[in-house]
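So that the names make sense, note that chain A is the first sequence line, chain B the second, and so on, each numbered from 1. In this text, all values refer to a predicted model and were calculated from it rather than measured experimentally.
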There are 2 protein chains.
Amino acid sequence: MTNGTPAIIDDDQDHSSRAPRGRDADATRSLLLQSARRRFALEGYGSTTVRDIARDAGVNVALINRYFESKEGLFEACLAHAAEQFDQPTVPSLDRAVQVVVDRVTVEHGSEDSFHMMLLLRTSGDERADAIRRRTLRNFAERMAALAGWTPDAVDGDALLLRAEVAICASLGITLLRSTSGLEPLSSASRDDLAGPIRDLFSALLR
Amino acid sequence: MTNGTPAIIDDDQDHSSRAPRGRDADATRSLLLQSARRRFALEGYGSTTVRDIARDAGVNVALINRYFESKEGLFEACLAHAAEQFDQPTVPSLDRAVQVVVDRVTVEHGSEDSFHMMLLLRTSGDERADAIRRRTLRNFAERMAALAGWTPDAVDGDALLLRAEVAICASLGITLLRSTSGLEPLSSASRDDLAGPIRDLFSALLR
DNA sequence: AGAGTTTGTAAACAAGTGCTGACATGTAAA
DNA sequence: TTTACATGTCAGCACTTGTTTACAAACTCT
């Protein structure tokens with residue numbers, strides 16, 4: 001992963017190619033993204049301050065504006081990053097797709113994956129961020145629905161697409177409350193505890 | 001204009017409950033609760049300011065602190081009010097209970113009921129508010145699970161209770177995204193469009 | 001070495017935050 | 001009426017917000 005830069009490798013001269021010691025813009029950006037994702041996911045956009053994020057990342061506050069323009073820009077970057085997680089290549093069968101989602105929903109609390117999911121139902125009031133969220137959810141729902149037999153120009157309308165969206169939104173709600181509410185036994189439920197119910201949920205909606 | 005004595009008395013003899021025209025603490029409290037509920041539900045706790053709420057209610061900002069102690073207190077009151085909606089008497093059968101939930105999830109956007117649901121996954125960081133939310137969700141889940149056969153001291157553990165919680169959390173996620181994301185076709189789906197999928201969801205989890 | 005750029009730091013700014021106290025005004029009781 | 005209280009208004013406080021600016025330190029290249 002990482003290595004997002006075009007990799008214009010420096011000269012063949014040695015330099016020992018060590019990882020940049022103290023100063024590395026990419027690493028800083030990444031740290032900020034990570035801290036922001038966590039804060040935004042767990043506490044929401046409005047309750048998170050840029051100073052919180054900077055402190056978590058161990059980085060100066062001003063760098064948020066340097067690298068992401070604004071707090072909104074940082075949130076948007078987080079959302080775009082989360083969107084990539086959902087824009088992965090389509091799997092061949094509905095069974096496999098359901099398995100992928102179940103894996104995603106049942107990841108442990110505090111994981112990056114869970115933050116990515118929770119981000120999708122955190123709002124900032126920014127229209128561009130909302131557009132990213134809509135596009136991501138819609139894309140994902142379309143791929144799920146397609147595996148269940150839906151086609152864009154079906155005569156029976158979008159009943160299946162709606163069902164896919166319902167299933168996805170349900171998954172997000174479950175993930176959020178599992179991580180933020182302390183509701184038992186949900187919060188302490190293991191992956192195995194959850195896999196069955198989630199699978200049943202998807203089966204009921206898409207089959 | 002200048003008559004200090006009550007010019008028009010609706011009920012000259014029995015003033016038991018009402019009369020004050022412009023000044024009515026209960027009405028003001030209610031207005032604030034209504035505006036706050038809407039803002040908190042749609043935009044989250046942190047993104048909502050007390051001035052927003054007061055402006056919506058057409059009321060002076062200072063009255064929030066007079067009647068609810070603090071912004072946190074107002075949020076807590078909103079949550080407590082929402083909790084009452086979920087603490088209604090148990091219905092006799094699982095079928096009826098599912099029907100009640102389906103009705104609740106499929107209410108139109110912008111209704112008070114939808115705000116009550118959305119509030120349950122809005123967090124303020126206040127521990128007392130979190131406790132109200134936990135208690136409410138847990139209570140509701142226990143009643144649903146009980147109708148499906150769960151008992152507090154079942155040998156098979158809390159599998160059914162977990163399933164009830166999953167179903168409820170799923171419903172909250174659906175409600176939130178339906179009202180805040182603009183995701184289509186979900187956002188424009190009618191009550192009838194949604195009733196089927198939601199019913200299937202509950203049936204799959206609790207039967 | 002030097003200049004030029006990138007990366008990080010510190011301080012401050014204007015605007016907005018939740019909240020408070022002193023005051024004004026309407027209402028009910030004496 | 002006069003008194004007492006409940007209700008609402010106003011201005012401002014102390015603080016935090018996101019953001020910007022000026023500056024320092026590290027890195028690159030010649």
Side-chain angles (χ1 to χ4, degrees), chain A residues 5 8-32 35-36 39-40 43-55 57-77 124-126, chain B residues 1-32 35-36 39-40 43-55 57-77 124-126:
Chain A
T5 47
I8 301 176
I9 305 289
D10 42 352
D11 309 357
D12 39 22
Q13 193 151 13
D14 189 8
H15 261 139
S16 73
S17 179
R18 279 288 116 239
R21 290 164 297 282
R23 313 191 131 209
D24 183 343
D26 283 345
T28 301
R29 242 187 296 259
S30 189
L31 272 174
L32 282 173
S35 303
R39 285 275 183 178
F40 286 146
E43 305 174 6
Y45 180 81
S47 299
T48 298
T49 76
V50 290
R51 286 177 173 83
D52 288 338
I53 298 171
R55 192 179 321 114
V59 149
N60 192 284
V61 204
L63 297 181
I64 288 181
N65 297 91
R66 185 198 293 281
Y67 291 133
F68 299 97
E69 282 267 348
S70 63
K71 183 190 179 186
E72 288 276 8
L74 176 53
F75 181 74
E76 198 182 316
S124 73
D126 177 35
Chain B
M1 227 28 153
T2 55
N3 58 351
T5 53
I8 298 174
I9 304 178
D10 305 274
D11 247 338
D12 44 11
Q13 191 169 3
D14 180 10
H15 70 289
S16 58
S17 57
R18 286 309 172 86
R21 285 170 298 281
R23 313 190 132 207
D24 182 342
D26 284 345
T28 301
R29 241 186 297 260
S30 189
L31 272 174
L32 282 172
S35 303
R39 285 274 183 179
F40 286 146
E43 305 174 5
Y45 179 83
S47 298
T48 298
T49 75
V50 290
R51 286 178 174 84
D52 287 338
I53 298 171
R55 192 178 321 114
V59 149
N60 194 284
V61 205
L63 297 181
I64 289 180
N65 297 95
R66 184 195 293 281
Y67 291 133
F68 299 97
E69 283 267 352
S70 63
K71 184 189 178 187
E72 289 276 7
L74 176 53
F75 181 73
E76 198 182 316
S124 72
D126 176 35

Practice task
Starting at CZ of B:Arg55, measure out to OG1 of B:Thr49 and round the result to the nearest 0.5 Å.
Solution key: 6.5 Å
Practice task
Assign A:Phe68 to base, sugar-phosphate, or nothing according to its heavy-atom contacts below 4.0 angstrom with the strands shown.
Solution key: nothing
Handout entry: B:Thr28 side chain reached by B:Tyr67 side chain, heavy atoms, under 4.5 Å
Key = yes
Practice task
Specify the separation, in whole Å, of atom CZ of B:Arg55 and atom P of C:dG18.
Solution key: 11 Å
Handout entry: Interatomic distance, A:Leu63 CG vs C:dT7 C1' [rounded to whole Å]
Key = 7 Å
Exercise for the section: Specify the separation, in whole Å, of atom CZ of B:Phe75 and atom P of C:dG18. Expected result: 14 Å
Exercise for the section: With the side chain counted from C-beta on, respond yes when A:Glu76 and A:Phe68 share a heavy-atom pair under 4.5 Å apart, and no when they do not. Expected result: no
Handout entry: Heavy-atom side-chain proximity of A:Ile64 to A:Lys71 below 4.5 angstrom
Key = no
Problem - Heavy-atom pair of closest approach, residues A:Ile53 and A:Ser35 - result: O-CB, 3.7 Å
Handout entry: Rounded interatomic separation in angstrom, taking OH from A:Tyr67 and P from C:dG8
Key = 4 Å
Practice task
Assign A:Val61 to base, sugar-phosphate, or nothing according to its heavy-atom contacts below 4.0 angstrom with the strands shown.
Solution key: base
What does the list of N/O pairs under 3.5 Å between the protein and nucleotides 11-16 of chain D look like, with a distance for each?
none

Fill in the blank from the handout: Whole-Å distance, A:Lys71 NZ to D:dT20 C1', equals 17 Å
Practice task
Please tell me which of the listed nucleotides, C:dT7, C:dG18, D:dG8, lies nearest to the side chain of A:Ala25?
Solution key: C:dT7
Exercise for the section: Give the rounded distance in Å between these two atoms: CG of B:Asp24 and P of D:dC5. Expected result: 20 Å
Fill in the blank from the handout: Minimal heavy-atom distance between A:Leu63 and A:Val59, with the atoms involved, is CD1-CG1, 3.7 Å
Exercise for the section: Starting at atom CG of B:Asp26, determine the distance to atom P of D:dA6, rounded to an integer number of angstrom. Expected result: 13 Å
Practice task
Examine D:dT7: is either OP1 or OP2 under 4.0 Å from a nitrogen or oxygen in the side chain of B:Thr28? Give yes or no.
Solution key: no
Practice task
Starting at atom CD1 of B:Ile64, determine the distance to atom C1' of D:dT7, rounded to an integer number of angstrom.
Solution key: 15 Å
Problem - Proximal nucleotide (of D:dT19, D:dT9, C:dT20) relative to the B:Asn65 side chain - result: C:dT20
Problem - Spacing of A:Glu69 atom CD and A:Leu74 atom CG [to the nearest 0.5 Å] - result: 12.0 Å
Practice task
Let me know, please, whether B:Arg29 or A:Arg66 comes out on the 5' side of the other along DNA chain D by nearest nucleotide.
Solution key: B:Arg29
Exercise for the section: Looking at every strand, decide which applies to A:Thr48 at a 4.0 Å heavy-atom threshold: base, sugar-phosphate, or nothing. Expected result: sugar-phosphate
